[in-house]
Amino acid sequence: MPTPKIEITNPQAIELIAKIKSGEIFIPFKNWLKKNKWYLVSAAVTLILIIALVIGKKLSEGTPIPVFTPPDIESPSLTPSIVVKSSFSGIKDEIQNLNTDLPDPFIPSFDNSINLEAPLN
Amino acid sequence: MKLFSKLFVACLLSLLFCTTATAVFADAQSDYQYQYGQYRQNYIEYTILKKDFLGSPTLDNQQKAILAAKQTIISRDQAKASFADYLLSLCQENQTNYAPIKPILDSLNAAKIFYLSEVNKAQAIVTPAQLASFTTDYVTNTVIQDRSFRTGVIACKISELVRIQIGSKNALDVIIPKLAVPFSTPLQTRITDLQSQGNDINDAINALTASLFSEAQMDNIDNSSYFSNSSDKIKKIQSLQLKWINGLIDIDINYAHS
């Protein structure tokens, strides 16, 4: 089966193809690249850093943090002291619990003058 | 049927016995609290009825007021008698048989008898003249009896101090045979010091008791400073007793347990 041959007859298309072939169409793009070269470089570096940080974070999350414990140091332990309680502590408690405030018990007040006379003003 | 009725009577009797026993074993403190509560109730009623009588002196109001006054007098003297009894029980529960406070205990007993006799006397009050006469005599005669409460309160504290002294002396007597003989010089010194300090405390208690009967203290009995003087002395004795028992406990732990 013969392949159909395409012939371009549109003058605008022919002009565009000619520009592509000669590289004329890329000149404004090359100029823009030259003009903004440093911006592009810094953007690329930032992007690389962000990607590196994201990868590092993912890796650290996947790996458990190692716990460093100090080596055992021999320390002096307290010897348990035996508390000797005296059998006379009860007397001490009795003395401490003695209420020294007087009067104890409180002496109640009574009216000794019960009568039907009018009180003196 | 007869068996059931017998059982019922037996239960009733035992219930009655339990109630009576509870009443008999009620202590002096609760008896005093009850009597004092009665007095306070009667006193409020008496003041209201007296006010009514003074505002409107009718024969009816007079009778009501006299009756209320009579009831108040009876409950007052019963409350005083039970308070004297309460103080006596407080002093005697220590079981010290400390002879120097015996006159104070006797005066409390005398006061109790006096108040109970006044209760009987008050039963005869019917007229305003009898009430006035009763109260006039009472105000004169009750002064000495009322003072027995003030000395009685201190006597109870003294008997507590004496009981502690007796307990402390017994403790020393118990500990000495437990100590290794012959005593070391420091231990001997400490024991001698304890014996000497114990005698000093006994002297301080005797001096406190004697001061209650001194003329200066008797003149001061109705003043508010009466108790503060004795309270200061009791505090000093208490601190001496505490120091003494700390010394004994120290010997017990360091010598008797080793």
Side-chain angles (χ1 to χ4, degrees), chain A residues 52-121, chain B residues 29 32 36 39 43 46 50 53-54 62 65-66 69-70 72-73 76 79-80 83 86-87 90 128 131-132 134-136 138-139 142-143 146 149-150 153-154 156-157 160-161 163-164 167-168 171 174-175 226-228 230-232 234-235 238 241-242 245-246 248-250 252-254 256-257:
Chain A
L53 280 172
V54 169
I55 292 166
K57 196 183 171 198
K58 287 280 174 194
L59 287 171
S60 68
E61 279 173 0
T63 318
I65 302 164
V67 180
F68 296 100
T69 50
D72 286 339
I73 302 169
E74 284 186 14
S75 57
S77 58
L78 290 170
T79 48
S81 58
I82 301 159
V83 179
V84 181
K85 200 173 186 302
S86 172
S87 50
F88 305 114
S89 302
I91 301 173
K92 186 177 178 177
D93 293 341
E94 202 181 330
I95 297 167
Q96 283 172 328
N97 294 336
L98 178 75
N99 183 12
T100 55
D101 293 329
L102 292 175
D104 173 43
F106 182 76
I107 299 170
S109 62
F110 294 99
D111 185 353
N112 289 337
S113 305
I114 292 174
N115 54 43
L116 296 187
E117 289 164 20
L120 296 170
N121 293 323
Chain B
Q29 185 184 13
Y32 150 65
Y36 189 60
Y39 164 69
Y43 189 75
Y46 150 73
K50 180 181 173 180
F53 168 66
L54 292 174
Q62 187 192 57
I66 286 177
K70 183 177 160 181
T72 310
I73 287 169
R76 176 194 65 197
K80 282 188 179 187
F83 186 66
Y86 172 41
L87 287 181
L90 275 181
L131 175 65
F134 176 89
T135 297
T136 308
Y138 187 83
V139 167
T142 198
V143 176
D146 286 355
F149 292 157
R150 296 173 79 82
V153 163
I154 301 175
C156 289
K157 285 287 161 198
E160 280 187 66
L161 294 172
R163 191 192 61 206
I164 291 169
S168 302
V174 166
I175 209 172
Y226 178 73
F227 285 122
S228 59
S230 299
S231 182
D232 290 345
I234 290 169
K235 272 179 193 151
Q238 185 193 32
Q241 286 181 327
L242 203 58
I245 197 71
N246 282 335
L248 185 85
I249 288 172
D250 194 49
D252 183 35
I253 290 170
N254 293 311
H257 281 269

Q: Does the B/Thr135 side chain pair with the main chain of A/Ile114, one donor and one acceptor, at a distance under 3.5 Å?
A: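 At least one qualifying donor-acceptor pair exists.
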Q: With a 4.5 angstrom heavy-atom cut-off, is it the side chain or the backbone of B/Thr72 that approaches chain A, or both, or neither?
A: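 Both backbone and side chain of B/Thr72 come within 4.5 Å of chain A.
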Q: Side chain, backbone, both or neither: which part of B/Asp146 has an atom under 4.5 Å from a heavy atom of chain A?
A: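 Side chain of B/Asp146 only, per the 4.5 Å heavy-atom cut-off to chain A.
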Q: Donor-acceptor pair, A/Ser60 side chain versus A/Lys57 backbone, under 3.5 Å?
A: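 Yes: the side chain of A/Ser60 pairs with the backbone of A/Lys57.
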Q: Name the member of A/Pro103, A/Ser89, A/Gly90 that forms the most heavy-atom pairs with chain B at distances under 4.5 Å.
A: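 Most pairs with chain B among the choices: A/Pro103.
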Q: Find the distance between CG (B/Leu248) and CD1 (B/Ile253) and round it off to the nearest 0.5 Å.
A: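 Answer rounded to 0.5 Å: 10.0 Å.
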Q: Which bit of B/Ile249 comes within less than 4.5 Å of chain A, counting heavy atoms only: side chain, backbone, both or neither?
A: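 When you check distances to chain A, atoms from both the backbone and side chain of B/Ile249 fall under 4.5 Å.
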Q: Go through the atoms of B/Gln238 and report whether side chain, backbone, both or neither lie under 4.5 Å from a heavy atom of chain A.
A: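 Both parts, heavy atoms under 4.5 Å.
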Q: Test the B/Arg76-B/Tyr46 pair against the cation-pi criterion, namely NZ or CZ under 6.0 angstrom from the six-membered ring centroid and within 45° of the ring axis.
A: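 The answer is no, since B/Arg76 fails at least one limit relative to B/Tyr46.
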Q: Can you tell if the side chain of B/Ile66 reaches within under 4.5 Å of the side chain of B/Phe53, non-hydrogen atoms only?
A: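 A side-chain contact is absent here, since even the closest heavy-atom pair is not under 4.5 Å.
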Q: What part of B/Ile73 is in contact with chain A, defined as an atom under 4.5 angstrom from a non-hydrogen atom: side chain, backbone, both or neither?
A: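 Looking at B/Ile73, backbone and side chain both touch chain A.
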Q: Mind ranking A/Ile91, A/Leu116, A/Asn99 by heavy-atom pairs under 4.5 Å with chain B and telling me who comes out on top?
A: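 Option with the top pair count is A/Leu116.
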Q: Rounded at 0.5 Å granularity, tell me how far OG in B/Ser230 sits from CD1 in B/Ile154.
A: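 The CD1 atom of B/Ile154 is 3.5 Å from OG of B/Ser230, to the nearest 0.5 Å.
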Q: So for B/Lys80, is it side chain, backbone, both, or neither that comes closer than 4.5 Å to the heavy atoms of chain A?
A: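 Contact with chain A: backbone and side chain both.
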Q: Using a 4.5 angstrom heavy-atom cutoff, name the option from B/Asn246, B/Leu87, B/Leu90 with the most pairs to chain A.
A: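 With the most close heavy-atom pairs to chain A, the winner is B/Asn246.
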Q: Measuring from B/Gln241:CD to A/Ile95:CD1, what's the distance to the nearest 0.5 Å?
A: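 The distance works out to 5.0 Å.
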Q: Looking at A/Glu117, I'd like to know if its CD atom is crowded, meaning that more than 12 non-hydrogen atoms belonging to other residues, nucleotides or ligands lie closer than 6.0 Å.
A: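 Not more than 12 within 6.0 Å, no.
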Q: Select one option (side chain, backbone, both, neither) describing which atoms of B/Lys235 are under 4.5 Å from chain A's heavy atoms.
A: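 B/Lys235 touches chain A through backbone and side-chain heavy atoms alike.
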Q: Which bit of B/Arg150 is near chain A, if near means a heavy-atom gap under 4.5 Å: side chain, backbone, both or neither?
A: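 The answer is both parts of B/Arg150.
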Q: Of all of B/Ile175, B/Leu161, B/Ile245, which one pairs up most often with chain A through heavy atoms under 4.5 Å apart?
A: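 Among B/Ile175, B/Leu161, B/Ile245, the one with the most close pairs to chain A is B/Ile245.
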Q: Could you check, using the six-membered ring where one of them is a Trp, whether B/Phe149 and B/Tyr86 have ring centers closer than 6.0 angstrom?
A: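 Here the rings of B/Tyr86 and B/Phe149 have centres that are no less than 6.0 Å from each other.
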Q: Could you tell me which portion of B/Tyr39 (side chain, backbone, both or neither) has an atom closer than 4.5 angstrom to a non-hydrogen atom of chain A?
A: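 B/Tyr39 touches chain A through side-chain heavy atoms alone.
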